[in-house]
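Only a predicted model underlies this, so the values are computations on that prediction, with no experimental measurement involved. In the text below, chain A, chain B and the rest are named by the order of the sequence lines, each starting its count at 1.
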2 protein chains.
Amino acid sequence: MTPHASIPLKQEVNRLISGIAEPGRQRATTVLDVARVAGVSAMTVSRALNQPQRVPAATRQRVQAAVEATHYVPNLLACGLRSRRSRLVAAIVPALDSTVFGETVQALTTTLGGAGYQLMLGQSGYGAAGEDALLQAIVGRRPDGIVLVGVDHSPRTREQLAGCGVPVVETWDLTPTPIDMLVGFSHADVGAAVCRFLAARGRHHLAVVSGADARAARRTQTFVATAEALGLPAPAQIEVTVPSTLGSGRQALRGLLAQHAAVDGVFCSSDMLALGVLTEAAHQGIAVPGRIGVVGFGDQPFAADAEPALSSVRVDGARIGREAALRVVGRIAGTPAPTLDVGFSIVSRRSA
Amino acid sequence: MTPHASIPLKQEVNRLISGIAEPGRQRATTVLDVARVAGVSAMTVSRALNQPQRVPAATRQRVQAAVEATHYVPNLLACGLRSRRSRLVAAIVPALDSTVFGETVQALTTTLGGAGYQLMLGQSGYGAAGEDALLQAIVGRRPDGIVLVGVDHSPRTREQLAGCGVPVVETWDLTPTPIDMLVGFSHADVGAAVCRFLAARGRHHLAVVSGADARAARRTQTFVATAEALGLPAPAQIEVTVPSTLGSGRQALRGLLAQHAAVDGVFCSSDMLALGVLTEAAHQGIAVPGRIGVVGFGDQPFAADAEPALSSVRVDGARIGREAALRVVGRIAGTPAPTLDVGFSIVSRRSA
DNA sequence: TTGAAAGCGCTAACAA
DNA sequence: TTGTTAGCGCTTTCAA
């Protein structure tokens, strides 16, 4: 095809796109349409878009103009199929109704987006029930990487993930046996640390209010074990339904006071639960921190502004997302990265 | 190929998969591998998986067994490319850090999943800034439908959406000029209704505390206009940064009391803001509802359990998600559906 | 009921 | 620097 001096006019563009052979049915524009309009080959269009540095500026501009004239949007299904790079990273989070993982997802999106990848989000629900079906659907899209929140997965899931040859990052937890890569912190350490934190402040009659999820259970376990190690009375344990709400926190404190009147320190598995405890305490005229100390988990935006300000376990969720994204991208590029423990800190505020 | 009486043994399967020609490099298993193992053609495998009723039970079982023996996961990129049905529906939400849209997304996922579609989630951020780039990336995946939260989009976005021939559902708002389909409610009506709600309870010195987003702005506008129509003093307006937090609610009430001491009714653009107002009021010993009435928006799970229980505007977010999903799926199947106004209700609790 | 051929839109590999 | 050829894995179409 003879190279044109410039991009044809709009009507000419339309004629070129629709083609002379079949002017009837509407087709989506393809590289070939763009190529025809720009007066180059399909391959040159592809290169101009994907490896701009390998194409002279003049050609690049012609192609760019043709892309705009034809409203071309590359078919990423075809790109992915041919190049075996879908430029898609999947993330599986337990749920979206809590906001705990929000900043992780946000950071994932941003970091991946900057590297030219798009995030595909799946909800596993708390529990491994629908996880297999979800995974099947995700793996079928041939993502270049998979980010998981949590390390508790069915053997079938682990097997499928390990077998499909895709980089996997597990997050928000540590385990000695990761499927592949790992970015998280030790929930066991959190439980122990919070117990010592409360004990150090003279709280000896402890309690845990916890939603029924695996990570919270690990925190509870070491919290209780540490209390025992410190020679304290066995902490009361109250389990609430997930997703945990302010209401279940209030109810938990009522139950706690009814059955364990001496309680003077409460560790809640989420800040919202803790806010419920604060609310109920205020309502009943129970002094916080005077009579009861309260510690939450997550250091949500509202924790610092609660009344009294809520002590909480701070985890850098954004960093987890960022590091997970970098690991996936790095692995795709051939650079392996070691397990990262992002740690946590206890933010001491008035409530304890 | 001769049909086998049964599926070959594991080693035979491996030999068939890896192929004699090139036993070296690992390939992902394809329909051809499954076909070889099942002793049928690729086409029959495809049919057995996608249109089971068109294949006799015996054949179907052979294929099913072969799928399991080979750990076959269909390449949905190829499926989508060839069939022009990606079985993907994209949703664009402003953000994931608030939980307001959580139940909508949850319902979308569930309803779409039941219909064999998968949800692809994108965050536009509050504002039309990155929306174009996001849209480009989404349209490139050739989704079978797109669900938008909100009706405020740049002309370029609207044009691209209208032009790409994909079913679009806008949600969480109403507009006389939808791009395609629409499921929402009138934010203008909300503002007016809340104003009348407060006025009817003897609140005449009103105020609005609002995050800077377009939907909240519409509510504020009619709230103010209605106050004027009712002959009330012009409501004080306080704008807070997004995402709105408990802290900004507290701060807003402080500002309000300093500058408009007579205020006796506050409409907040989110329940979290309202919770902040409640918190600050309690802290300053200002009686709610005695001296000030407070109304939130969203009827989040914590609203009913706040102290005092928070009056709020309830919107059935799950229904919006469900109906949006049904509309997308219906439209793909060729059944158009009209605009749906899901309405709202004011849940009257103690705070106002 | 099953299979063979063709091609979805793109890019890897090679050639000019 | 640019183009040609082939084929990614699947399903549409048509024929048996």
Side-chain angles (χ1 to χ4, degrees), chain A residues 1-4 17 19 21-22 25-36 38-63 67 70 72-88 139-142 144, chain B residues 1-3 17 19 21-22 25-36 38-63 67 70 72-88 139-142 144 164:
Chain A
M1 172 164 298
T2 328
H4 301 262
I17 292 178
E22 190 206 4
R25 271 262 299 148
Q26 180 102 349
R27 258 177 335 105
T29 57
T30 73
V31 262
L32 273 170
D33 297 314
V34 178
R36 221 172 288 139
V40 296
S41 75
M43 207 42 235
T44 301
V45 173
S46 173
R47 272 196 285 260
L49 295 176
N50 299 319
Q51 313 170 56
Q53 74 288 356
R54 287 197 41 186
V55 171
T59 312
R60 207 159 58 224
Q61 277 160 26
R62 293 183 52 75
V63 170
V67 164
T70 55
Y72 173 63
V73 180
N75 185 327
L76 299 180
L77 263 41
C79 295
L81 176 60
R82 178 64 245 234
S83 68
R84 295 164 175 290
R85 305 186 68 216
S86 61
R87 300 212 147 271
L88 210 57
V139 170
R141 306 269 172 207
R142 300 296 189 264
D144 293 337
Chain B
M1 172 165 296
T2 325
I17 293 178
E22 189 206 2
R25 269 265 298 152
Q26 180 102 349
R27 256 176 339 104
T29 59
T30 73
V31 263
L32 272 170
D33 298 312
V34 179
R36 220 172 288 139
V40 296
S41 75
M43 223 17 255
T44 300
V45 172
S46 174
R47 275 198 209 95
L49 295 177
N50 298 319
Q51 314 169 55
Q53 74 288 356
R54 287 196 44 185
V55 171
T59 313
R60 207 160 58 225
Q61 277 161 27
R62 290 183 55 73
V63 170
V67 164
T70 55
Y72 173 61
V73 180
N75 184 327
L76 299 180
L77 262 42
C79 295
L81 176 60
R82 179 62 246 233
S83 68
R84 296 163 174 290
R85 306 186 67 217
S86 62
R87 299 211 146 273
L88 210 57
V139 170
R141 307 268 172 207
R142 300 295 188 265
D144 294 336
C164 71

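For A/R84 (side chain) and A/L81 (main-chain N/O), no donor-acceptor pair under 3.5 Å exists by modelled atom type. Between the side chain of B/S86 and the backbone N or O of B/R142, at least one donor-acceptor pair lies under 3.5 Å.
What you find for A/A35 and A/S41 is that their closest heavy atoms are CB-C, 3.6 Å. When all heavy atoms of A/L77 and B/G80 are compared, the pair lying nearest together is CD2-C, 3.7 Å. Taking all atoms of both residues into account, the shortest heavy-atom contact from A/Y72 to A/V31 is OH-CG1, 3.5 Å.
Checked against C/dG3, D/dG3, C/dG9, the side chain of A/R47 finds its nearest nucleotide in D/dG3. Counting only heavy atoms from C-beta on, A/M43 has its side chain closest to C/dA13 among C/dA13, D/dT11, D/dC10. Ranking C/dG9, C/dG3, D/dG3 by closeness to the B/S41 side chain, first place goes to C/dG3.
Note: CG (B/L77) to P (D/dC10) measures 11 Å, nearest angstrom. For the pair B/R82 CZ and D/dT11 C1', the computed distance is 5 Å after rounding to whole Å. Here the C1' atom of nucleotide D/dG9 and the CZ atom of A/R141 are 14 Å apart, to the nearest Å. Rounded to whole angstrom, the span from the CZ atom of A/R36 across to the C1' atom of D/dG3 amounts to 16 Å. Rounding to whole angstrom units, CG of residue A/L81 and P of D/dT11 are separated by 12 Å. A straight line from CG of B/L32 to P of D/dT11 spans 12 Å, rounded to a whole angstrom. Separating the CZ atom of B/R84 from the P atom of D/dG9 is a distance of 20 Å, rounded to the nearest angstrom. Atom CG in A/D33 sits about 9 Å away from atom P in C/dC10, given to the nearest Å.
Contact annotation: B/S83 side-chain N/O to D/dC10 OP1/OP2 distance is not under 4.0 Å. Phosphate contact (OP1/OP2 of D/dG9, side-chain N/O of B/T30, threshold under 4.0 Å): absent. For A/T44 and D/dT2, the shortest distance from a side-chain N or O to OP1 or OP2 is not below 4.0 Å.
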* **Residues B/D33, B/T30; criterion side chain to side chain contact (heavy atoms under 4.5 Å, CB included); working and verdict** => CA-CA 5 Å; B/D33 298 312; B/T30 73; 3.6 Å; yes
* Would B/R87 and B/L76 satisfy side chain to side chain contact (heavy atoms under 4.5 Å, CB included), going step by step from the backbone distance to the final call? -> CA-CA 9 Å; B/R87 299 211 146 273; B/L76 299 180; over 6 Å; no
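Only A/N50, listed by number, bring a heavy atom of residues 49-60 of chain A to less than 4.0 angstrom from any atom of DNA chain C.
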